[in-house]
Structures are given as C-alpha cells and as structure tokens.
Participant: 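Sending over a structure as structure tokens; questions will come in a sec.
What you see is a predicted model; the values in this text were computed from it and never measured. Proteins get letters first, then strands, A, B, ... in listed order; numbering begins at 1 in each.
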Amino acid sequence: MVCQYLSNYYLPTRKEDPRDAEIVSHRLMVRAGMIRKLSSGVYSFLPLASRIQHKIDNIVREEMDRIGGLEVKLPIIQPRELWEKTGRWELYGPEMMRFKDRRGAEYGLGPTHEEVITDLLSYEVDSYRDCPLLFYQIATKFRDEVRPRFGIMRSREFSMKDAYSFHADEEDARKSYREVEAAYCRIFDRIGFDYRKVEAATGQIGGSLSHEFMVLADTGEDLILYCDSCSYAANQEKAEGTVVMPEEEPARELEKFPTPGVKTIDDLIKIDSEALPERQVKTLVYRSGDRPLVLLLPGNYQLNEAAVEEQAGGPLSEYSEAEIKQLMGAYPGSLGAVKQDAAIKNLQVWADPSLKGRSNLYTGANIDGYHYRGVDVGRDLKIDRWCQLRVSIAGEQCGRCGNGKLQEQRGIEVGHIFYLGDRYSRSLDADITMDDGQKKPMIMGCYGIGTSRIMAAAIEQSHDDNGIIWPRSIAPFDIYILPISWANDQQRKQAEEFARIFEKQGYEVLVDDRDVSPGVKFNDSELIGIPLRITLGRALEQGLVELTDRATGSTREIPVEQCLEQVEVYLTENGG
RNA sequence: CGGGGCGUGGCUCAGCUUGGCAAGAGCGCUGCGUUCGGGACGCAGAGGUCGCCGGUUCAAAUCCGGCCGCCCCGACCA
C-alpha cells in the first residue's frame with residue numbers, strides 16, 4: 001500500500017534531452033528523473049528508478065523462489081587465488097576490475113560468482129543426498145566494459161540476478177536447466193516483454209548447452225537469426241546455416257600467378273576481376289593453446305571466433321605478422337593451404353563447410369606477392385576438419401530443418417542460462433560422495449538475468465513521443481492523481497479522498513499536489529509513464545472526473561462514485 | 001585499442017573561424033505579485049577559476065602544445 005504525494009517526493013524531470021544520451025531509454029530515464037551519471041558506465045538511481053528496480057527484482061525473486069531457489073548474498077570482493085584455481089584470473093582479462101589491499105594482496109570486483117559459490121559449496125556439501133541445490137542472488141556486478149554505452153543498458157556497474165545449481169548427475173542438472181528456463185519465461189511474460197529464447201554461445205563462462213532471452217528491439221546490440229519455417233532461433237554468433245552455392249563450372253588447372261602488393265580481398269579483385277570475394281579462400285592463422293590453427297572460409301564471410309573457440313575447446317589468440325611469416329612462409333595477404341606447399345604439411349587446417357566441393361577459387365601461395373587461381377577445394381587444399389567457422393547471416397538456409405531461410409531481428413539480451421557440467425566444480429574440488437561411495441565433482445548450471453538492464457529494455461519496447469509507458473507489472477505507481485489546481489478546495493479534498501480509497505484497495509498512488517501549472521503535471525505524468533491517470537478539473541463541480549489510459553491516451557469522463565469500480569476494471573484488464 | 005566529435009552557471013546551447021570594451025541566451029533556481037485544462041506572465045535577484053596545466057601575446061573562452069573527462073562508430077558481453 002503506497003500513497004505518495006509529489007511535494008514530498010524527489011522527481012527531477014527535465015524538458016530537454018541530455019547531451020550525452022543517444023537511445024530512447026537512456027534519454028527518457030534521465031528526463032524522467034530516474035538516473036544520473038556519475039562516470040562513464042556508472043549511474044546513480046534516483047527514487048523513481050529505485051522503485052521500478054524493486055518491482056523487477058521482486059518478480060524475479062518470486063519466480064526463483066517458486067522453483068526452489070534459495071536467496072544468498074555473496075561477496076563482491078574476491079581474492080586472486082580463487083580465480084587462479086579456475087584459470088579465470090588470466091582468462092577474464094582487463095574486464096575484471098582489480099585492486100590491492102593495504103598488504104598488497106590482490107582482489108577482483110566480482111563480474112560473476114561461479115568461483116565464490118562453488119568454493120563455498122566445496123566445503124559445505126559432501127553428499128549427493130544434499131543435491132540438488134539452487135542458489136541465487138540479486139546483486140551489483142562490476143565489469144570494466146570495453147565500451148560502456150547506452151546509459152544503463154551496458155554499464156560497468158550493474159545489477160544482475162545470478163543463480164547457480166548443483167547436481168549429482170547430468171540428468172538432474174538438465175532438469176534444473178529446464179526449470180530455470182521455464183521460470184525465466186514466466187518472469188519475462190509477467191513483465192510483458194515481447195521476447196525470444198535463442199540458442200547461445202557460451203563465451204567466458206564455458207559449458208556446452210546455453211540459451212539467451214532476447215527482448216526484441218531495433219536498438220538491441222545482438223542479432224538473432226531465426227528460421228521462417230521451423231522453431232530454430234539462435235544468436236548470430238552461434239547460428240548455423242547452410243550456404244547454397246551456385247553450380248560450378250568444370251574445374252580449371254591450378255595456376256600460380258604474381259600478385260605484387262596484394263594484401264586484401266579488394267586488392268586481389270583489382271588484379272583479376274574474376275576473383276570475387278566469394279571466390280577467394282580467406283586463410284587465417286590463430287594460436288589455439290600452443291599450436292597454430294589454419295582456418296579457411298570464403299572471402300565474403302566473417303570469422304566466428306566464438307564458434308572456433310568452442311570447437312577448439314579454448315580461447316584463440318592472434319600471432320604477430322612476423323610469427324605468421326615464420327609459420328607459413330608469407331605475410332598475411334598471401335596465405336593459403338594448398339597441399340603442395342611445404343609450410344602447410346604439419347599444420348592443422350579447418351575449413352568452413354561452405355567451401356565444400358567448390359572449384360575455380362583463389363587463394364594465397366604462401367609466397368609474398370603470389371596467389372593461386374583455379375583452386376579446387378577437394379583436389380588442391382589440405383583440410384583436416386570441416387566445421388562452421390563463419391558467422392552466418394540472414395538469407396542462409398536453416399541449418400536445423402533445411403527447409404526454411406534464416407531471418408534476422410535485433411534483440412537485447414536480458415537473460416542467459418548455461419549448463420556448466422563440472423568445469424568449476426572440478427577445478428575447485430567441489431566433490432560429493434555418491435551412493436556407491438565414489439567421489440565425483442558436482443554437475444553445475446548457472447543462470448543470469450540483467451535486472452537493471454530490464455528497466456532500459458522495457459522502455460525501449462514501450463514508449464511514445466511523450467515518454468515512458470510502463471507495463472503495470474513494473475510501473476512505479478499504478479495511478480497518477482492529477483488535480484488541476486491544488487488550491488481548489490473541492491479538487492484537493494477529492495484528490496485526498498481518492499488517494500485514501502485507492503491506497504486502501506491496494507493500489508500504489510502518486511498524487512500531484514505541486515503548485516505548478518497544469519501543463520507541467522500532464523507532461524510529467526506522461527513522461528514517467530504511470531498506467532492510469534485520474535484528472536480532477538472543473539467538471540468535478542458536476543461530480544465528474546477523467547480517467548486516462550497512458551498507453552492509448554484515451555480519456556473517459558465518469559462520475560466520481562464510479563471511479564473505484566472503473567479503475568479496477570481498467571487495471572485488471574491491463575496486467576493487474 | 002583504432003576512427004570521429006564534444007567540454008562555456010544546475011540543464012540545453014551561442015560566442016571561438018578573424019584574440020580586445022562587460023562572458024551571453026533559453027530553461028531551471030530564489031523572492032514578490034498576477035495566473036491555474038497541456039512545460040503561464042510581470043518585476044526583482046542569485047549563480048560561471050570558459051575541463052586542467054603550460055606556452056604565445058600588451059591582452060586568451062578564442063591561437064599553439066600536453067593532459068584529463070565524456071559521447072558516437074568498430075573489435076567484446078547481463
């Protein structure tokens with residue numbers, strides 16, 4: 001039960017867009033008096049934003065509790081030694097904020113909590129009988145983002161719900177994964193998002209099975225590819241499609257020819273106009289573990305590093321140009337994997353399936369300033385393994401059903417779930433004793449929701465020229481009571497009366513008792529996006545008030561005595 | 001990190017090219033009065049080391065050098 005008078009509140013709304021804000025959610029959050037920037041990617045939440053965040057957190061909490069989640073609170077400060085045990089002190093890189101205490105001991109600010117929770121449970125849980133366990137927290141995280149942007153959407157300090165599950169076997173872990181997945185759907189349904197669950201890459205966290213929850217929005221940073229025929233949908237960095245290649249002409253002879261100064265795909269076209277990008281074999285060399293890996297894909301495609309890392313089972317790193325020269329015999333620009341080249345004989349070569357069976361292609365000769373033409377993939381190239389190396393794009397054939405075409409749509413990642421296996425439990429000795437007396441590491445899953453990002457995503461998805469349109473479920477207040485003149489006795493008394501009644505009915509009410517002109521009140525009520533407005537104006541003398549729906553702008557004049565009833569009808573129809 | 005842009009009262013900006021009288025506007029803020037159905041009006045006020053440091057000059061918001069901060073575009077992620 002909440003009844004807030006604006007004269008006792010702090011709502012610093014602004015007429016003008018802030019200079020440094022680009023996307024609509026950022027602009028509106030600043031204008032609506034929700035957030036203020038302290039530093040790049042670091043924001044203060046003012047009272048209005050704080051209320052909304054509580055609403056979001058509570059929905060998340062209820063649904064996590066419903067599937068047996070247990071709320072905990074884990075430390076933000078985490079010692080170096082712990083992260084070294086999983087290898088992530090190195091792997092996580094500069095994204096983790098690091099510092100030393102007065103004794104010189106090193107710490108990181110937690111960007112995520114797999115290490116802490118797994119370490120904790122390694123001491124506490126000894127038996128399979130204790131499993132399964134599902135812990136979660138809603139807490140501040142720190143990631144020194146390469147590029148913070150879009151206000152709270154991608155900030156360095158942010159709020160996230162992270163959850164971790166622990167199991168005696170894989171089957172149980174998968175069951176938990178499905179339960180969390182269902183809980184996430186309930187959460188995003190309740191918030192009222194238009195969202196999509198997609199297959200995802202696992203990145204730094206590791207693991208094999210993973211899905212993301214994407215709020216559909218043109219300003220989203222992620223690209224989703226989905227099939228127009230089956231239910232397949234995936235993040236672009238994970239999506240698998242098939243490229244339909246044109247019929248090849250009969251294969252020509254392999255021929256080496258001089259290409260002085262050619263460094264790029266465009267350069268080669270200038271020398272031979274038939275060397276279109278899709279006819280060139282892009283040859284890349286990366287370090288995978290301690291061995292080189294040669295990667296081949298058509299020149300018109302981007303390398304998908306995440307996919308390669310997943311296949312290789314570890315991160316890729318780049319060689320310097322000098323190292324490449326040593327390995328291949330030529331600098332980047334003239335690299336290739338033609339069988340007869342001595343340099344390639346002892347190297348692992350992986351190729352993208354879109355190259356399979358093709359001929360009359362171009363590739364480097366591993367001699368600076370020379371290329372081959374007439375390359376037949378099967379005949380001429382040394383290929384040890386076929387696997388997808390390219391980033392798939394819209395228009396490819398669906399890799400799942402084979403019938404449909406992949407379509408694209410942008411999304412904002414608000415949730416991500418991972419099946420982890422024993423990646424963390426093994427390195428942190430989180431063993432349990434099984435019923436046969438054997439010890440083995442627990443099987444884990446981890447599950448994140450970007451709770452502060454949800455606020456921004458909701459605005460991206462629901463706003464108009466006048467401001468935010470909150471879905472009822474996360475609106476900071478349900479009803480905005482707007483007396484045209486607080487000095488008018490009748491209006492003031494009626495406003496106070498309404499406030500009492502609605503509060504008693506369990507609604508959250510904001511009363512605009514400020515001594516400002518009506519225009520200011522109307523504009524603010526729309527800017528901050530309260531679902532329902534009750535306006536008390538001159539018609540009150542005839543016993544009439546106005547109900548205005550924020551989403552549609554439609555207004556109805558009704559007698560005072562019907563107001564409670566009408567409000568109930570309206571608010572239950574709209575996600576009550 | 002590479003590329004681009006910006007930094008002048010609380011906010012949004014003008015002034016800078018071509019150095020010079022006194023650093024401005026709108027909004028916001030304070031006081032008084034008039035208003036009260038869509039960011040009202042009048043009068044009177046407060047508020048700025050022109051991001052920082054150095055240089056050029058008789059003189060720098062303006063020209064030069066360095067640094068810092070912030071935003072946008074690309075390679076990374078809730």
Participant: Identify whether the distance between the nearest side-chain nitrogen and carboxylate oxygen of A:Glu212 and A:Lys238 falls below 4.0 Å.
Facilitator: no
Participant: Could you please name the option among B:rC72, B:rG10, B:rU35 that lies closest to any side-chain atom of A:Phe150?
Facilitator: B:rC72
Participant: Once you round it to whole Å, what is the distance between C1' of B:rC76 and CD of A:Glu413?
Facilitator: 12 Å
Participant: Within the 4.0 Å heavy-atom criterion, would you say A:Pro111 contacts the bases, only the backbone, or no part of the nucleic acid?
Facilitator: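 If one applies the 4.0 Å heavy-atom cut-off, A:Pro111 turns out to touch nothing in the nucleic acid.
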Participant: Just to confirm, is there a sub-4.0 Å distance from OP1 or OP2 of B:rU8 to any side-chain nitrogen or oxygen of A:Arg19?
Facilitator: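 Answer is yes, contact under 4.0 Å.
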Participant: Of the options B:rA75, B:rA78, B:rC70, whose atoms approach the side-chain atoms of A:His416 most closely?
Facilitator: B:rA78
Participant: Please give the distance between the P atoms of B:rC21 and B:rG5 as a whole number of Å.
Facilitator: 29 Å
Participant: Looking only at the side chains, is there a donor atom on one of A:Asp119 and A:Tyr424 sitting less than 3.5 Å from an acceptor on the other?
Facilitator: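 Their side chains do not contain a donor-acceptor pair, so the 3.5 Å distance test is not met.
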Participant: Between B:rC43 and B:rU49, how many Å separate the two P atoms, rounded to a whole number?
Facilitator: 28 Å
Participant: Measure distances between side-chain N and O atoms of A:Glu546 and base N and O atoms of B:rG37, and say whether any donor-acceptor pair falls under 3.5 Å.
Facilitator: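 By the distance-only test, yes, there is a pair.
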Participant: Please list all pairs passing the ring pair (Phe, Tyr, Trp, His ring centres under 6.0 Å) test where one or both residues lie in residues 27-49 of chain A, with sequence neighbours left out.
Facilitator: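 Every pair satisfying ring pair (Phe, Tyr, Trp, His ring centres under 6.0 Å) with a residue in residues 27-49 of chain A: A:His26-A:Tyr43.
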Participant: May I ask you to say what A:Ile449 touches in the nucleic acid, namely base, sugar-phosphate or nothing, with a heavy-atom cut-off under 4.0 Å?
Facilitator: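 Nothing: the residue A:Ile449, judged by heavy atoms under 4.0 Å, touches no strand.
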Participant: Rounded to whole angstroms, how far apart are OH on A:Tyr43 and C1' on B:rC71?
Facilitator: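 To the nearest whole Å, that distance equals 10 Å.
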Participant: Can you tell me how far P in B:rA46 sits from the matching atom in B:rG31, rounded to whole Å?
Facilitator: 15 Å
Participant: Tell whether A:Arg533 reaches the base of B:rG38 with its side chain through a donor-acceptor pair below 3.5 angstrom.
Facilitator: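 Counting by modelled atom types and ignoring angles, a donor-acceptor contact under 3.5 Å is found here.
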Participant: Give the rounded distance in Å between these two atoms: NE2 of A:His113 and C1' of B:rA78.
Facilitator: 14 Å
Participant: Give me the distance, rounded to whole Å, that separates B:rG74 from B:rA23 when you measure between the P atoms they each carry.
Facilitator: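 Those two atoms are separated by 44 Å.
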Participant: Look up atom CZ in A:Arg453 and atom CD1 in A:Ile152, then write down how far apart they are to the nearest 0.5 Å.
Facilitator: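 Interatomic distance, A:Arg453 CZ to A:Ile152 CD1, rounded to 0.5 Å: 10.5 Å.
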Participant: With rounding to the closest Å, how many angstrom separate the P atoms on B:rC68 and B:rA22?
Facilitator: 37 Å
Participant: Answer yes if the side chains of A:Tyr447 and A:Ser165 hold a donor-acceptor pair under 3.5 Å, and no otherwise.
Facilitator: yes
Participant: Side chain of A:Glu145, heavy atoms from C-beta onward: which of B:rC76, B:rG39, B:rC71 has the nearest atom to it?
Facilitator: B:rC76
Participant: Strictly under 4.0 angstrom, non-hydrogen atoms only: write out the protein contact profile of nucleotides 23-28 of chain B, one letter per nucleotide from the 5' end, B, S or -.
Facilitator: ---BS-
Participant: Please list, chain by chain and in numerical order, all residues satisfying side chain to side chain contact (heavy atoms under 4.5 Å, CB included) with A:Arg80, sequence neighbours excluded.
Facilitator: A:Glu84, A:Trp89, A:Glu106
Participant: Side-chain N or O of A:Arg149 versus OP1/OP2 of B:rC73: is the shortest distance under 4.0 Å?
Facilitator: yes
Participant: Return each pair, listed once, that meets ring pair (Phe, Tyr, Trp, His ring centres under 6.0 Å) where at least one residue sits in residues 541-561 of chain A; pairs must be two or more places apart or across chains.
Facilitator: none
Participant: Which part of the nucleic acid, if any, lies within contact of A:Gly93, taking any heavy atom under 4.0 Å across all strands shown: a base, the sugar-phosphate backbone alone, or nothing?
Facilitator: nothing
Participant: Figure out the CG/P separation between A:Asp17 and B:rC72, and round it to whole Å.
Facilitator: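 Nearest whole value for this atom pair: 14 Å.
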Participant: Taking only residues two or more places apart in sequence, or in another chain, which ones meet A:Gln137 in a side chain to side chain donor-acceptor pair (under 3.5 Å)?
Facilitator: A:His113, A:Asp162
Participant: Dot-bracket for RNA chain B: what is it, with Watson-Crick or G-U pairs under 3.5 Å, [ ] where a pair crosses earlier ones, and | for a pair to another strand?
Facilitator: (((((((..((((......[...)))).((((((.....)))))).....(((((..]....))))))))))))....
Participant: Can you check the distance between B:rA60 and B:rG51, where both ends of the measurement are the C1' atom (answer in whole Å)?
Facilitator: 16 Å
Participant: Nearest whole angstrom, please: distance from the C1' of B:rU12 to the CG of A:Asp20.
Facilitator: 12 Å
Participant: Classify A:Gly537 by what it touches in the nucleic acid, base, sugar-phosphate, or nothing, heavy-atom distance under 4.0 Å.
Facilitator: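 Base contact.
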Participant: Can you tell me how far C1' of B:rC76 sits from CD of A:Gln302, to the nearest Å?
Facilitator: 14 Å
Participant: When the C1' atoms of B:rC1 and B:rG48 are considered, how many whole Å apart are they?
Facilitator: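 Their C1' atoms lie roughly 36 Å apart.
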Participant: Would you indicate, yes or no, if B:rA78 has its OP1 or OP2 atom less than 4.0 angstrom from a side-chain nitrogen or oxygen of A:Thr451?
Facilitator: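 The answer is no; no side-chain N or O of A:Thr451 sits under 4.0 Å from OP1 or OP2.
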Participant: How would you list, by chain and number, every residue that makes a ring-ring contact (aromatic ring centres under 6.0 Å, His included) with A:Tyr301, sequence neighbours excluded?
Facilitator: none
Participant: A:Arg14 has an atom CZ; how far is it from atom C1' of B:rC13, in whole Å?
Facilitator: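 Between C1' of B:rC13 and CZ of A:Arg14: 14 Å.
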Participant: Would you check if A:Phe158 stacks with the base of B:rA78, given a 5.5 Å centroid limit and a 30° plane limit, both strict?
Facilitator: yes
Participant: Using the salt bridge (Lys or Arg N to Asp or Glu O under 4.0 Å) rule, collect all pairs that involve residues 43-56 of chain A, keeping only residues at least two apart or in two chains.
Facilitator: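 Sorted result for residues 43-56 of chain A: A:Arg51-A:Glu508, A:Lys55-A:Glu508.
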Participant: Using the ring-ring contact (aromatic ring centres under 6.0 Å, His included) criterion, which residues pair with A:Phe502? Sequence neighbours excluded.
Facilitator: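 A:Phe498.
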Participant: Of all the nucleotides listed (B:rA78, B:rC70, B:rG37), which has the minimum atom distance to the side chain of A:Met160?
Facilitator: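 Selected nucleotide: B:rA78.
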Participant: How many Å lie between CG on A:Asn235 and C1' on B:rA78, as a whole number?
Facilitator: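 So the CG-C1' distance, A:Asn235 to B:rA78, works out to 13 Å.
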Participant: Taking the P atom in each of B:rA14 and B:rG33, what is the distance between them to the nearest angstrom?
Facilitator: 38 Å
Participant: So, does A:Ser517 get its side chain near the phosphate of B:rA40, meaning an N or O under 4.0 Å from OP1 or OP2?
Facilitator: yes
